[in-house]
Amino acid sequence: MTVKKIAFISESPYVCQMAKAWCQRLKGQEYKAFAIPLRREGLSDKAFQAFREYEFSPSLYSSISIENVSYYQFDYVVFLGMHLGIITGKLNTQAFFYSMDTFAPEDDISKYREIRESIREIIENFPDDQQRTET
């Protein structure tokens, strides 16, 4: 089986790193995952707590800069929480879009958990869903 490259792009470093973590845990034999946050910021204490509850180590889920995305040839690109058609036109790959609730660092830990579980569901069902768009 050929391992496919998949990029997770989100404004939030937490969201794309969590997607990478779930992908590696649930589908690591099928995909090599990349986290590409549009905002470069550290993870909050609540984000670290949400990672650790599933024994994920956030330090293992580093990300790459959006400026370096052209160096990679991805088989799939997954946009979490936004629709960035301008970027997809430059990627020449299959793109998937998922709307997600937004959250703020001051939100309760339950919001982080809710987003974590939403991401898990996306990864478990990927790519067998109806949110696919060809570019």
For the CD atom of Glu11 and the CG atom of Leu38, what is their distance to the nearest 0.5 Å? 6.0 Å
Taking the basic N atoms (NZ, or NE/NH1/NH2) and the acidic carboxylate oxygens, is any pair closer than 4.0 Å for Arg113 and Glu53? yes
Between CZ on residue Phe126 and OH on residue Tyr76, distance to nearest 0.5 Å: 6.0 Å
Tell me, do Gln24 and Tyr31 make a side-chain contact under 4.5 Å, heavy atoms counted? no
Please name the pair of heavy atoms, one in Pro37 and one in Pro13, separated by the smallest distance, quoted to 0.1 Å. CB-CA, 3.7 Å
Counterpart residues, side chain to side chain contact (heavy atoms under 4.5 Å, CB included), relative to Glu121 (two or more places apart): Asn125
Consider only side-chain heavy atoms of I, L, V, M, F, W and Y, link residues closer than 4.5 Å, and tell whether Val3 and Val77 are in one cluster. no
About how many Å separate CG of Leu80 and CE of Met18, when rounded to the nearest 0.5 Å? 12.0 Å
Please determine whether side-chain contact (heavy atoms from CB on, under 4.5 Å) holds for the pair Lys46 and Tyr14, giving the CA-CA distance in whole Å, both sets of side-chain angles, and the decisive distance to 0.1 Å. CA-CA 10 Å; Lys46 294 172 192 168; Tyr14 170 72; over 6 Å; no
Nearest 0.5 Å, please: how far is CG in Asp75 from CD in Glu30? 12.0 Å
Show your working on side-chain contact (heavy atoms from CB on, under 4.5 Å) between Lys32 and Phe34 and close with a plain yes or no. CA-CA 7 Å; Lys32 178 173 173 74; Phe34 295 84; 3.5 Å; yes
Could you walk me through whether Phe74 and Ile9 pass the side-chain contact (heavy atoms from CB on, under 4.5 Å) test, one step at a time? CA-CA 12 Å; Phe74 296 111; Ile9 300 177; over 6 Å; no
Could you work out, with side chain to side chain donor-acceptor pair (under 3.5 Å) as the rule, every residue matching Glu117, not counting sequence neighbours? Tyr54
Using the side chain to side chain donor-acceptor pair (under 3.5 Å) criterion, which residues pair with Thr2? Sequence neighbours excluded. none
For Ala7 versus Ile36, what's the shortest heavy-atom pair and its separation? CB-CD1, 3.7 Å
Counting distance only, does the side-chain N/O of Lys5 pair as donor-acceptor with the main-chain N or O of Ala33 below 3.5 Å? no
Roughly how far, to the nearest 0.5 Å, is CG of Leu26 from CZ of Arg120? 6.0 Å
Taking the side chain from Trp22 and the backbone from Arg116, do they hold a donor-acceptor pair closer than 3.5 Å? yes
Could you check Phe79 against Phe8 for side-chain contact (heavy atoms from CB on, under 4.5 Å), going step by step and ending with a plain yes or no? CA-CA 6 Å; Phe79 294 92; Phe8 295 100; over 6 Å; no
Separation between CD1 (Ile6) and SG (Cys23), nearest 0.5 Å, reads 5.0 Å
